[in-house]
Structures are given as C-alpha cells and as structure tokens.
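Whatever order the structure lists ligands and atoms in, that order sets their numbers, starting from 1.
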Amino acid sequence: MKTLNINLTDANYNIYIRNGIIDNLEEEISKVYSGHKIVVITDENVEKLYYERLCSSLKKYDLYKIVIKPGEKSKSIETLTEVYSKLAGFKISRSDLIIAFGGGVVGDLGGFAAATFLRGISYIQIPTSLLAQIDSSIGGKVAVDLKEGKNLVGSFYHPKAVFIDPTLLKTLSTRFLHDGMGEVIKYGAIRNRELFYKVMNFKDDNELLENIEDVIYSCCSIKKAVVENDEKDNGERMILNFGHTIGHAVEEFFNYEKYTHGEGVAYGMYAITKNSEELGLTEKGTVLDIKKVLEKYNLSYNIEGLNNDKIIETAALDKKTRGEFINIILIKNIGECFIKKIKKSEMNKYLKV
Ligand code: GLY
C-alpha cells in the first residue's frame with residue numbers, strides 16, 4: 001500500500017492507494033471514525049457496480065445510502081437539497097460519518113453536503129474515476145454548480161481519509177479513462193517531466209493500467225505538495241489550473257454536453273501553450289509534445305466551431321480573475337510552469353483559440 005499524508009494547519013489526513021482496498025476498509029476507517037452510523041453517497045452507476053462490495057467491507061457499521069443520478073447535472077443545488085432531506089430523514093448527527101463513493105460529481109457534492117449539513121460532518125472520500133482519484137478527492141475543494149457557472153458555491157473542507165482503489169478503474173469506459181489522463185498530463189506538464197514522457201511512451205491503455213498505481217501516486221504526490229503550500233488557492237495552487245481557463249470555457253461553450261472536464265483541459269493546455277510558444281514564453285517544440293501525448297489518449301487539440309470572443313468572455317469570469325487582472329498558468333517547458341498575471345485586455349493574446 002502506498003500512503004501519503006496531507007499535513008495542513010487545520011487538517012491532517014492520509015491518502016491510501018492500494019489495489020483491492022475497498023474490500024478491506026473497516027480497519028482503516030476505524031482509525032479515523034469511532035461511531036456506527038455511515039451514510040454512503042453514491043451514483044446509480046457506482047451503486048450497481050460496487051455498492052455490495054463496499055457493504056461487505058463495512059459489515060460492522062449501520063449503513064444508509066443516498067443514490068444520485070450520474071453526471072454533472074446532479075452537482076446542483078436541487079440535488080443538494082434532496083441529499084440534505086435524506087440526511088435529515090436518517091437522523092444523522094454530527095458524530096456520524098459520510099462516505100462520498102463515486103467520481104468527481106459525487107465527491108464534490110457529497111463533500112459539500114458534509115461541509116454544510118449541521119455545520120459539518122466528518123467524511124471520507126472513496127473516488128472511483130481516474131479524475132477523482134488523482135485530483136478532485138484530494139485537497140478539500142467541495143462545491144456545487146449554479147446555472148451561472150461551475151463550482152460557484154463551495155468550501156474548503158477536508159476528508160478524514162481518502163481511499164484509492166486503482167482496480168475500480170477497470171470498469172471505467174475508455175472515454176473516462178482518457179478524461180482522467182487529461183489531468184495526469186497536466187501534472188506532468190507542470191511539475192513532472194518524467195511522468196509526462198512515461199505516459200506518452202506507454203504502448204496502449206493496457207500498459208497504462210498495469211502502471212496506474214504509480215501514475216496515481218505521482219499525481220497525488222504533486223497535489224499534496226501544492227495543496228500543503230497553498231491550501232486556499234491564493235498562489236501556488238493556481239498552477240493546478242493549467243489548461244483550465246480555456247478548458248472550462250470550452251466545456252461551457254458546448255453546455256457541458258460535448259466535452260468532459262479532462263477533454264476541455266486537454267484542449268486548453270494545447271491552445272495556451274501554442275500561444276505562449278508563439279509569444280516566446282515557452283521553449284520551442286513543447287506544444288508538439290503536448291499534441292503527441294493528447295493524440296495518444298484520443299484527446300482533442302483541435303476543436304471545430306469554437307467562437308473566440310465567447311471563449312474570452314467566459315474566461316474573463318474565471319476564478320483566477322482579480323479585478324482588472326487575471327492569473328494564467330503557462331509552462332516554460334515540460335515539467336516547469338509559472339503563473340503570469342496579465343491584464344484582461346491582453347487575454348486574447350494568451351487565450352485565443
Ligand atoms: N483541481 C484544482 C485544485 O484542487 O486546486
């Protein structure tokens with residue numbers, strides 16, 4: 001088992017990475033939770049595939065479940081209200097525990113419900129998608145979307161532990177495995193050149209899956225270091241958003257129906273690096289390597305039908321905006337990134353698509 005400890009001023013928790021860990025949770029959970037009642041928040045897909053196994057692994061607890069519909073549309077105030085009602089119906093108290101068992105939507109929504117119900121209940125993340133295992137389950141960002149934009153209502157609220165079982169990825173569709181690879185490539189591009197070229201050189205998805213535990217560990221190690229230095233996202237943590245300003249705008253441009261988060265980020269990394277290479281801020285040839293790795297995982301670097309003005313308009317609302325300025329993340333070369341503060345009037349130069 002690989003373990004990482006996240007050590008913050010007000011929170012300290014472990015990330016456990018092990019094949020088959022969902023079959024052996026009782027001992028680890030009892031180290032962070034001494035009660036009996038657990039509510040599992042999950043979605044219909046994960047419930048069908050893995051809920052029975054989770055139950056067998058948590059026999060000594062009284063389990064309750066809340067099952068939401070899969071997909072980003074569930075990360076809403078409406079679903080959150082339903083979750084609150086169910087928690088109230090189960091008579092959950094502050095000394096009980098929530099487990100968010102699913103992908104990014106379940107993790108963000110379940111975490112936000114835990115952060116706010118009764119002003120805070122302990123929770124544990126058991127992420128089941130690659131994207132959730134390497135990114136959204138770690139670092140305490142929990143949120144729901146508004147119709148005006150993604151993650152607009154949220155909090156920083158850390159879990160008591162994160163349990164990552166790479167074997168769960170075997171049932172992930174190729175599209176969603178590659179969606180997660182968008183974020184893996186991001187980690188390589190900003191902080192780990194070796195990881196970037198390692199995933200670029202895997203023969204195929206089988207070789208990727210054979211090595212996925214190490215890949216997950218590398219990504220989580222980067223996230224740990226960044227979050228420990230800047231938990232509240234005022235400085236260094238922004239680097240985790242490489243490719244995201246354009247990526248989010250692309251997701252929104254297509255109403256969150258055509259491109260997944262990782263696909264948007266993949267395109268965003270390519271587009272911003274193409275611009276920064278042309279502006280002489282990135283070493284020549286870098287964007288070509290990004291293109292090669294995106295091609296390998298079937299991620300788009302060329303998207304038809306985008307409207308540049310609309311993308312810039314949406315990007316201007318990004319959470320990295322500070323008054324008349326916006327912080328953008330660029331890479332100098334593969335493995336080395338920096339934050340650049342630009343005027344909103346210069347956005348077209350850096351963020352054009
Ligand atoms: N997913 C970016 C962050 O956690 O800051």
Side-chain angles (χ1 to χ4, degrees), residues 4 6-11 13 15 72 75 100 102-112 114-115 123 125 127 129-145 149-159 162 164 176 179-192 195 215-216 218-252 256 259-269 272 315 317-322 326-331 337-339:
L4 284 162
I6 308 268
N7 190 4
L8 303 161
T9 320
D10 296 319
Y13 58 99
I15 303 169
E72 188 73 27
K75 221 175 105 176
V105 168
V106 165
D108 284 11
L109 175 96
F112 189 64
Y123 80 114
Q125 292 273 17
S129 67
L130 180 56
L131 191 125
Q133 293 189 343
I134 59 166
D135 184 21
S136 55
S137 66
I138 301 152
K141 279 189 182 175
V142 292
V144 293
D145 303 335
K150 271 181 86 166
N151 298 325
L152 289 189
V153 180
S155 177
F156 290 94
Y157 189 66
H158 294 274
V162 182
I164 298 176
F176 280 94
D179 165 67
M181 286 310 291
E183 293 281 358
V184 170
I185 293 161
K186 173 202 80 180
Y187 283 113
I190 59 170
R191 271 285 163 86
N192 188 334
L195 173 68
V215 169
I216 292 170
S218 301
C219 296
C220 291
S221 305
I222 298 172
K223 182 127 191 193
K224 164 192 154 63
V226 172
V227 169
E228 283 180 343
N229 282 338
D230 174 29
E231 182 194 348
K232 295 283 161 69
D233 206 6
N234 292 313
E236 185 183 335
R237 188 163 176 172
M238 282 189 253
I239 68 169
L240 298 176
N241 280 313
F242 175 54
H244 283 56
T245 305
I246 295 176
H248 280 152
V250 167
E251 281 181 88
E252 190 174 323
Y256 300 98
Y259 292 98
T260 64
H261 179 68
E263 289 166 350
V265 168
Y267 173 75
M269 293 189 287
I272 201 164
L317 300 173
D318 191 275
K319 284 193 280 308
K320 292 179 295 308
T321 298
R322 304 283 185 270
I326 177 166
N327 289 302
I328 57 168
I329 320 306
L330 303 177
I331 56 172
C337 64
F338 60 100
I339 301 172

With respect to Asp233, determine whether any N or O atom, backbone or side chain, lies less than 3.5 Å from an N or O atom of ligand 1.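 So ligand 1 has no N or O lying under 3.5 Å from an N or O of Asp233.
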
Arg237 versus ligand 1: do any nitrogen or oxygen atoms come within less than 3.5 Å of each other?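 Min N/O separation from ligand 1 is below 3.5 Å for Arg237.
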
Check: [Y] and [X] side chains under 4.5 Å, non-hydrogen atoms:
X      : Y      : value
Glu72  : Val105 : yes
Ile272 : Thr245 : no
Gln125 : Ile138 : no

Protein heavy atom at shortest distance from atom 1 (N) of ligand 1: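 Here the nearest protein heavy atom works out to Asp135 OD1, 3.0 Å.
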
Which residue and heavy atom of the protein sit nearest atom 4 (O) of ligand 1, plus the separation: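 Heavy-atom neighbour on the protein nearest atom 4 (O) of ligand 1: Lys223 NZ, 2.6 Å.
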
Around atom CG of Asp10, are there more than 12 heavy atoms of other residues, nucleotides or ligands at under 6.0 Å?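 Open: at most 12 neighbouring heavy atoms sit under 6.0 Å from CG of Asp10.
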
Once the angle between the rings of Tyr13 and His158 is folded into 0 to 90°, is it parallel (under 30°), tilted (30 to 60°) or perpendicular (over 60°)?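 Plane angle between 30° and 60°, so tilted.
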
Val227 contact mode with ligand 1 (heavy-atom cut-off under 4.0 Å):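 Within the 4.0 Å criterion, Val227 makes no contact with ligand 1.
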
